[in-house]
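Below, chain A is the first sequence line, B the second, and so on; all start at residue 1.
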Protein chains: 2
Amino acid sequence: MFSIGQLSSQAQVKVPTIRYYEDIGLIDPPHRSEGNQRRYEPDALSRLTFIRHARDLGLSIDAIKDLIVLNANPDMPCKEAHVIANQHLKDLQRKITQLQQLSVELTRITQNCNSDTVGHCKVLEALGDHSSCKTDH
Amino acid sequence: MFSIGQLSSQAQVKVPTIRYYEDIGLIDPPHRSEGNQRRYEPDALSRLTFIRHARDLGLSIDAIKDLIVLNANPDMPCKEAHVIANQHLKDLQRKITQLQQLSVELTRITQNCNSDTVGHCKVLEALGDHSSCKTDH
DNA sequence: GTAATTGCTCTAGTCACTAGAGGTTCAAGT
DNA sequence: ACTTGAACCTCTAGTGACTAGAGCAATTAC
Ligand SMILES: [Zn+2]
Ligand SMILES: [Zn+2]
Ligand SMILES: [Zn+2]
Ligand SMILES: [Zn+2]
C-alpha cells in the first residue's frame, strides 16, 4: 500500500500528474483511507511506470490509453501495438526532418550579418523574408 | 486598404489568428470601416509577413515581440536580434538531438517482437521498460 | 432588393500538465 | 495524549498558440 507521495517518488511522476491521470481515466481510482486519502496497490506502480516511459518516448495519452487496453488482454494479437509504435516512429522521423530543415535555414540566417545596427541587420531581414530560404516550412 | 480577409490571404495567416495577434498586442489595432470592420494599411501586411515567417521558423511569440520592437528602432545595435536567433537555433538543435535519441530507441523497440499475442509482445514490454534503453530521456 | 459571403464579439476547447487557494489527515516526537 | 509539520484533499485557473462555434451585423454581387 502506497500513499500518493510514495507512488510519486517510486514512479517518478509528480503527485498532481497522478491525480490528473486518474481524472482522465488513465489509471484506476484507488482505494481510500478512512480520511479519504489515496492508497495504492503495487500494480498501480507498474501501470504508472509504463505510462511514464511511454510518455518519455513521446507517445500521446490517447495512444497510451490504447496500449493499456491491449495490455489488459494478453490473448489478443499484438499487431495493433506495433501499428501504434510504428506510427509514432514515423511521426517522430517526420518531425526530425522538419526541424533539421529549420536548423539549416536558421544557421544560414544567423551567419549573415555584417552590420551593427538594426537598420541593416541581415538577420532581421532574413527572419522576415522567406524568399532566400532553400526549403519550405 | 485591406479587409481582414484580404490581409489573411495575402499573408497566409488565418483570419482568427490575425485577430488573436491583435488581442495579444503583436499587431496594432487597425482603423475600422463605418460598419466597424477592420481596414488595414499595407504596412500591416509586411508586419504580418514577418511574423508568419518567424513563426514558421519556430520562434515563439515572445521572441517575435522582442524582434518587432527592435525592428522599429533602426539605429539600435542589432546584437540582441542575433542573440535571439542564436538562442533559438541552439534550442532547435538540442531538440533535434533529443528526438533523434527517441527515434533510435523506438526503432529498436519496434523491431523486437516475434510474438503474435499481447502476452509475449516485446514491443509492449519495451515500451514500458526503460532498462533496455541505451539513452536517457 | 435580396442572397451569399464576409465580418464582428465572445466563449470555450485543444494538450498535458502545473500552480495556487483553502482546508483536512497523517505520522512523528514529546 | 497532544502538538506540530508534512503530506494530503478538492477545486479553479493558467500555460502556448491558436481553433471552433454561436449568434449576429456589414458588405458585395447579381
Ligand atoms: Zn545584425
Ligand atoms: Zn523561409
Ligand atoms: Zn508484438
Ligand atoms: Zn527508455
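For D/dT10, one of the phosphate oxygens OP1 or OP2 lies less than 4.0 angstrom from a side-chain nitrogen or oxygen of A/Arg38. Taking 4.0 angstrom as the limit, A/Tyr21 places a side-chain polar atom (N or O) nearer than this to OP1 or OP2 of C/dC17. Distances shorter than 4.0 Å separate none of the side-chain N or O atoms of A/Lys14 from OP1 or OP2 on C/dC17. OP1 or OP2 of C/dC26 has not a single side-chain nitrogen or oxygen of A/Ser3 nearer than 4.0 Å. Of the side-chain N and O atoms in A/Thr17, none sit less than 4.0 angstrom from OP1 or OP2 of C/dA16. Listed pair B/Arg19 / C/dC8 meets the phosphate criterion, a side-chain N or O lying under 4.0 Å from OP1 or OP2. Side-chain N/O atoms of A/Arg55 include one lying less than 4.0 angstrom from OP1 or OP2 on C/dC17.
As judged by a 4.0 angstrom heavy-atom cut-off over every strand, B/Ile24 is placed among residues making no nucleic acid contact.
Regarding B/Arg52, its CZ atom lies at a distance of 10 Å from the P atom of D/dC18, rounded to whole Å. Taking atom CG of A/Asp62 as the reference point, atom P of C/dC15 lies 7 Å away to the nearest angstrom. Put simply, NZ on A/Lys65 is 12 Å from C1' on C/dA16, counting in whole angstrom units. Between the CG atom of B/Asn36 and the C1' atom of D/dA26 there is a distance of 10 Å, rounded to whole Å. Rounded to an integer number of Å, the gap from CG of A/Asp56 to C1' of C/dC17 is 14 Å. The nearest whole Å value for the distance from the CD atom in A/Glu34 to the C1' atom in C/dA27 is 15 Å. B/Phe2 has its CZ atom 18 Å from the C1' atom of D/dT27, to the nearest Å. As rounded to whole Å, 8 Å separates atom P of C/dG7 from atom CD of B/Gln6.
Residue A/Pro16 places its side chain closer to C/dT18 than to any other of C/dG7, C/dT18, D/dC8. The side chain of A/Ser60 lies closest to C/dA16 when the candidates are D/dC18, C/dA16, C/dC26. Comparing C/dC8, D/dC9, C/dC17 by their closest approach to the side chain of B/Arg32 singles out C/dC8.
Taking the nucleotide of DNA chain D with the nearest heavy atom to each of B/Leu59 and B/Arg39, the more 5' of the two is matched to B/Leu59. Mapping A/Ser33 and A/Tyr20 onto DNA chain C via the closest heavy atom, the residue that lands nearer the 5' end is A/Tyr20.
Taking the side chain as every heavy atom from C-beta outward, B/Val118 and A/Asp75 never approach each other to under 4.5 Å. Side-chain contact check for B/Ile27 versus B/Ile51: some heavy-atom pair is nearer than 4.5 Å.
In this structure, CZ in B/Arg108 is found 4.0 Å from OG in B/Ser132, a value given to the nearest 0.5 Å. The line from CG of B/Leu67 to CZ of B/Phe50 is 4.5 Å long, rounded to the nearest 0.5 Å.
The shortest non-hydrogen separation linking A/Gly58 to A/His88 is O-CE1, 3.0 Å.
Surrounding CG of B/Asn114 are at most 12 heavy atoms belonging to other residues, nucleotides or ligands under 6.0 Å away.
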